[in-house]
Q: 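Can you read through this structure? Questions will come right after.
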Amino acid sequence: MAAIGKTTLDSGWLAARSTEVHLSGTQLTTTQPPSVGPTSPWMEAVVPGTVLATLVKNKVVPDPFYGLENESIIDIADSGREYYTFWFFTTFQCKLSGTQHLDLNFRAINYSAEVYLNGHKKVLPKGMFRRHSLDVTDIVHPDGQNLLAVLVYPPDHPGSIPPEGGQGGDHEIGKDVATQYVEGWDWMCPIRDRNTGIWDEVSISVTGPVKVIDPHLVSSFYDNYKRAYLHATTELENKSTWVAECSLNIQVTTDLERNFCLVEHLQTEHLSIPAGSRVQYTFPELFFYKPNLWWPNGMGKQSLYKVSITVDVKGYGESDLWSQLFGFRKIESHIDNTTGGRLFKVNGQPIFIRGGNWILSDGLLRLSKKRYSTDIKFHADMNFNMIRCWGGGLAERPEFYHYCDIYGLLVWQEFWITGDVDGRGVPVSNPNGPLDHDLFLLCARDTVKLLRNHPSLALWVGGNEQIPPDDINKALKQDLRLHPHFESSLNKGGKFVEDSPPLLRDPSQYLDGARIYIQGSMWDGFANGKGDFTDGPYEIQNPEDFFKDDFYKYGFNPEVGSVGMPVSATIRATMPPEGWQIPLFKKVSNYYQEVPNPIWEYHKYIPYSKPGKVHDQILLYGSPKDLNDFCLKAQLVNYIQYRALLEGWTSRMWTKYTGVLIWKTQNPWTGLRGQFYDHLLDQTAGFYGCRCAAEPIHVQLNLATYLLEVVNTTSEELSDIAIEASVWDLEGTCPYYKVHEKLLVRPKTTVPIAEMKYPKSKNPKPVYFLLLKLYRMSDDRIISRNFYWLHLSGGDYKLLEPYRKKTVPLKIISQVFIKGTTNEMHMLVENTSKKPEPKSRTYRNDFATKQGDGDFNVASVHSTHDGADKKHEASWFQKISRHFTKESDGLRVAEINGSDIGVAFFLHFSVHGLKNGHKEGEDTRILPVHYSDNYFSLVPGEAMPIKISFEVPPGVTPRVTLDGWNYHGVHTVN
């Protein structure tokens with residue numbers, strides 16, 4: 001007898017091109033299973049994944065994301081659909097009892113398929129975004145050994161790629177209900193198989209007579225969130241030939257420490273289900289008093305409850321079970337009268353949106369929980385609070401949403417419409433969307449059911465820069481209408497409306513009912529709200545322009561983008577030597593135009609200049625000598641560019657803007673534009689510029705007015721706080737120091753504090769550093785720290801070039817905590833070029849614990865300058881150790897010698913793996929790594945706590961290294 005529940009079929013798959021297999025599906029699944037061999041067409045398959053992912057894994061084709069290799073892979077437009085029509089084969093064990101039932105589930109395939117199980121044929125109809133569940137109870141083998149073969153067909157209209165490329169190629173892919181980026185975009189190469197394959201989870205599920213189908217969970221609130229109700233509705237299918245007498249149970253638990261859980265609710269209902277029928281059942285609402293609420297990143301904790309639904313059948317026992325992590329939260333939205341932008345509220349609190357656009361994790365759909373976990377944590381690490389799933393990409397998977405639930409990222413989910421492919425574009429595309437409107441709506445409704453229980457899902461949007469065809473749009477508006485309880489407390493006139501009437505219909509009976517549907521990404525409070533192309537721009541900017549009143553006219557910008565050059569190690573790892581050539585700088589009038597090499601151009605490089613508007617931001621630091629120098633200077637620009645973008649928007653929080661989404665946060669391939677981490681998962685400096693600028697409480701310099709500003713996005717008033725502003729020159733002296741004390745900043749406001757008097761003072765230095773610290777006066781704990789490098793108006797940063805020769809001493813105290821394969825390293829990095837300024841109360845960088853930050857605050861216990869350094873350093877790590885139950889390899893001290901006094905500028909940690917058989921030139925980086933900060937700088941006497949964590953591959957010895965603007969070579973610190 002098989003256990004009740006789901007088993008994922010994610011290993012042991014084989015694949016072969018259909019034209020090379022000379023057996024039918026029936027023969028494949030009734031004879032000896034195929035095997036891999038020198039003369040066999042079969043190979044190990046990537047499932048979930050695509051045909052192209054399988055071909056790359058087996059080295060049948062080269063890596064399409066390396067150099068220009070994609071050009072050597074035949075496109076489906078030239079090969080024909082048969083070339084990418086593939087068989088996938090696996091076996092599985094399952095022994096059923098006489099009363100058990102078995103479903104074979106495909107959470108998604110692209111684009112249609114024939115399924116053969118033990119000689120029996122089933123058809124999976126067309127559509128990339130729909131689930132398929134096949135009842136195979138009568139065809140599984142009683143001995144438990146089952147043979148499964150799936151013949152997967154590509155999209156019906158794969159289209160062709162015009163010589164000039166373009167957005168979505170020839171737009172033919174838009175005739176299908178499929179992802180549209182696969183014909184290429186201005187940030188993406190064409191995907192040769194158009195993502196054909198079994199691209200999502202395959203599973204078998206064993207049930208008894210009655211099956212639980214698509215429960216819907218909704219929470220409602222009263223009395224200022226003191227009273228909450230959980231509403232739950234589920235479908236139940238009786239697969240038996242007799243009336244099933246059922247006990248339906250719903251249980252709500254919350255996790256406690258040490259693997260204990262607290263049962264908040266347990267309720268049982270009794271019902272009868274006629275033979276062979278499917279019914280909908282709504283539970284009586286469950287009452288909660290002051291439940292722990294789910295909050296977005298930066299607003300509070302992401303409290304989650306586990307909701308379990310089980311059904312027991314009289315005379316049988318447990319028949320099926322279902323569980324889901326659920327967050328109590330309410331999301332509201334309306335168009336703000338002041339800004340004209342769409343304003344979101346979570347649990348009654350306005351949230352200023354700072355986030356990014358997302359395409360998908362990987363262009364070959366090699367999707368995994370591990371990759372999703374890293375992707376989403378990276379977004380949370382940048383202090384973002386929203387991700388927009390762009391309409392030309394995916395309806396993202398439950399694993400994506402799971403980590404958004406965990407890390408507090410709100411999600412804007414679009415359906416599969418884009419302006420370029422569905423009515424706009426060059427040439428003008430089909431305005432009527434996909435050919436099969438009913439299929440589009442079927443996929444949309446199924447996607448809603450798949451994702452609707454995730455608290456992170458904030459809104460549905462009909463399309464990118466376009467609205468769906470009228471009949472689809474009308475149907476979506478009806479299907480996704482709000483339950484009255486979830487309509488905003490403000491009507492379109494901005495006036496408060498009365499509380500909604502009592503719930504006449506349970507909200508869990510709606511398809512969704514708890515989140516808004518907006519018809520397009522530039523409508524109804526986004527961009528100009530009317531659908532005109534008023535998002536963007538997508539290129540390098542003068543940093544100060546982001547703060548100016550005329551930079552962007554509208555309240556919420558859904559897309560604004562810029563540069564995204566990765567580090568030089570990534571270029572070397574993803575391109576042959578001819579791709580290591582840096583751009584030529586061609587003079588055009590008083591500007592320089594960058595001319596990239598052909599490989600960079602193929603990888604969609606965005607230049608760091610815009611002749612006629614923006615001088616080359618890399619040349620501000622002097623002409624780059626080689627790839628290393630170019631990429632390092634690009635990181636300096638990345639940091640400034642994206643910090644200024646977010647600080648400029650936040651400077652006008654609620655007075656001009658309600659939010660901004662950056663285009664985009666990452667690339668699904670080795671692209672060279674619009675990214676904060678590359679496809680190999682190494683962060684750019686722009687990542688840390690965003691992390692700095694988007695912190696919930698932030699001190700910043702308005703680059704247009706030179707006013708110091710304090711940003712408070714939280715719901716708490718800040719009082720008895722101070723700003724310390726210090727200017728440091730290239731000689732290591734401090735020509736300006738000022739403290740602004742006893743400040744008060746109200747919740748949800750950005751407040752100008754005072755004008756920076758430097759560099760208006762006499763004899764300002766042409767290049768200087770500015771360090772701002774916002775701290776609590778009661779205990780000197782840092783709330784926000786922000787470090788700028790600046791030049792005088794009309795100047796440049798070329799004086800930083802000779803500064804690279806400065807040898808500024810550093811001391812790095814570290815300890816590593818190991819748990820399994822996870823290494824967690826705590827460091828205290830100190831600029832020892834001179835003692836701290838006596839007047840500074842904040843040199844220790846003793847950071848206050850940030851809201852919702854569960855990490856132990858190492859800075860709260862670090863050493864003091866009292867002459868007993870060794871004793872205090874040991875004490876510091878002893879205190880840390882009490883907070884970890886991990887093995888430790890002891891305290892280490894590394895010193896980088898130097899004789900100069902000055903700023904340790906643009907320090908950058910990386911982690912490398914040492915192993916036997918290392919080849920020269922091989923990329924040694926261990927990726928991904930999570931850093932509490934990177935690309936940071938320290939003024940004389942200042943110390944900074946840094947925490948990093950990473951997984952160590954088998955057989956590898958990790959080494960943490962440090963480099964920086966004035967730190968050359970490799971400095972090993974552990």
Side-chain angles (χ1 to χ4, degrees), residues 2-8 99-103 105 107 131 133 135 201 203-220 228-240 244-255 261-274 277-288 291 294 303-329 398 401-402 405 446 448-455 457 505-514:
I4 297 294
K6 184 178 80 172
T7 301
T8 303
T99 55
Q100 287 186 317
H101 294 261
L102 183 70
D103 286 339
N105 310 300
R107 207 164 64 184
R131 294 170 296 169
S133 186
D135 188 336
E201 177 186 276
S203 67
I204 53 173
S205 53
V206 177
T207 69
V210 175
K211 178 181 178 181
V212 177
I213 301 173
D214 290 333
H216 186 199
L217 308 175
V218 179
S219 53
S220 62
Y229 293 90
L230 175 63
H231 308 266
T233 293
T234 186
E235 290 184 72
L236 299 162
E237 182 181 9
N238 181 1
K239 295 188 171 192
S240 73
E245 299 294 337
C246 301
S247 295
L248 190 59
N249 308 296
I250 184 167
Q251 177 177 284
V252 183
T253 60
T254 182
D255 285 337
C261 69
L262 174 66
V263 178
E264 300 271 355
H265 269 284
L266 176 58
Q267 187 165 310
T268 301
E269 302 295 321
H270 300 281
L271 69 156
S272 299
I273 305 177
S277 66
R278 192 161 171 167
V279 300
Q280 178 177 287
Y281 181 80
T282 299
F283 287 90
E285 57 194 25
L286 302 180
F287 173 71
F288 291 76
W294 184 94
S303 299
L304 293 168
Y305 294 77
K306 183 178 181 180
V307 180
S308 302
I309 294 175
T310 59
V311 58
D312 295 321
V313 176
K314 187 176 180 180
Y316 176 83
E318 186 178 66
S319 180
D320 199 7
L321 59 111
W322 176 93
S323 65
Q324 171 78 37
L325 290 178
F326 179 76
F328 284 90
R329 63 98 183 97
Y401 278 90
H402 168 76
D405 295 345
D446 198 57
V448 173
K449 291 179 180 179
L450 178 67
L451 303 176
R452 62 190 177 186
N453 291 317
H454 290 277
L457 178 56
R505 180 182 171 195
D506 191 288
S508 64
Q509 294 175 1
Y510 281 54
L511 179 62
D512 186 319

Q: So, do E245 and H270 sit near enough that their side-chain heavy atoms are less than 4.5 Å apart?
A: no

Q: For the residue pair P215 and V212, what are the closest heavy atoms and their distance?
A: CG-CG1, 3.7 Å

Q: Any chance you could measure T268, atom OG1, to N249, atom CG, to the nearest 0.5 Å?
A: 4.0 Å

Q: Exactly one of T207, D103, T99 should register a side-chain hydrogen bond (donor to acceptor under 3.5 Å, both in side chains) with K239. Which one does?
A: D103

Q: Assess whether a salt bridge exists between E201 and K6, defined as any Lys/Arg side-chain N lying under 4.0 Å from an Asp/Glu carboxylate O.
A: yes

Q: Do we see a donor-acceptor contact under 3.5 Å between the side chains of N105 and S203?
A: yes

Q: Decide, yes or no, whether a salt bridge links K306 with D255 under the criterion of side-chain N to carboxylate O below 4.0 Å.
A: no

Q: Taking all heavy atoms of F326 and all of L230, pick out the closest pair and write down the distance.
A: CE2-CD1, 3.5 Å

Q: Where the side chain of H101 meets the backbone of V210, is there a donor-acceptor pair that is under 3.5 Å apart?
A: no

Q: Starting from the C-alpha separation in whole Å, work towards a yes-or-no answer on side-chain contact (heavy atoms from CB on, under 4.5 Å) for I250 and L286.
A: CA-CA 10 Å; I250 184 167; L286 302 180; 4.1 Å; yes

Q: Should V218 and Y510 count as side-chain neighbours, where that means a heavy-atom distance under 4.5 Å?
A: no

Q: Just checking, is any N or O donor in the side chain of E264 or Y305 under 3.5 Å from an acceptor N or O on the other one?
A: no

Q: What distance separates L102 CG from Q100 CD, expressed to the nearest 0.5 Å?
A: 9.0 Å

Q: So how far is it from E318 CD to S247 OG, rounded to the nearest 0.5 Å?
A: 12.0 Å

Q: Apply salt bridge (Lys or Arg N to Asp or Glu O under 4.0 Å) to the pair R452 and D214, showing each step before the final yes or no.
A: CA-CA 10 Å; R452 62 190 177 186; D214 290 333; 5.6 Å; no

Q: Quick one: OG1 on T282 to CD on E269, what's the gap to the nearest 0.5 Å?
A: 11.0 Å

Q: Would you sort out whether Q251 and V263 count as a side-chain contact (heavy atoms from CB on, under 4.5 Å), showing the intermediate values?
A: CA-CA 7 Å; Q251 177 177 284; V263 178; 4.2 Å; yes

Q: With a 4.0 Å cut-off, would you call R107 and D446 a salt bridge?
A: no

Q: To the nearest 0.5 Å, how far apart are CG in L236 and CZ in R278?
A: 9.5 Å

Q: Which heavy-atom pair separates D320 from I4 by the least distance, and what is that distance?
A: CA-CG2, 3.9 Å

Q: Quick one: CD on Q509 to CD on Q280, what's the gap to the nearest 0.5 Å?
A: 5.5 Å

Q: How far apart are the closest heavy atoms of I273 and C246, and which atoms are they?
A: CD1-SG, 3.9 Å

Q: Checking the side chain of W294 only, and the main-chain atoms of D405 only, is there a donor and an acceptor separated by less than 3.5 Å?
A: yes

Q: S220 and H231: which non-hydrogen atoms are nearest, and at how many Å?
A: OG-NE2, 2.7 Å

Q: Taking the six-membered ring for Trp, is the centroid-to-centroid distance between F288 and Y229 below 6.0 Å?
A: no

Q: Using a 4.5 Å cut-off on heavy atoms from C-beta on, say whether the side chain of R329 contacts that of S219.
A: no

Q: Can you list the steps and then say if Q324 with H454 is a side-chain contact (heavy atoms from CB on, under 4.5 Å)?
A: CA-CA 9 Å; Q324 171 78 37; H454 290 277; 3.5 Å; yes

Q: Without swapping roles, check the side chain of H216 against the backbone of A232 for a donor-acceptor pair under 3.5 Å.
A: no

Q: Walk me through whether I309 and F283 qualify under side-chain contact (heavy atoms from CB on, under 4.5 Å).
A: CA-CA 11 Å; I309 294 175; F283 287 90; 4.1 Å; yes

Q: Indicate the atoms forming the closest heavy-atom contact of S319 with P209, along with that distance.
A: OG-N, 3.2 Å

Q: Is there a donor in the side chain of S508 and an acceptor in the side chain of T233, or the other way round, less than 3.5 Å apart?
A: yes

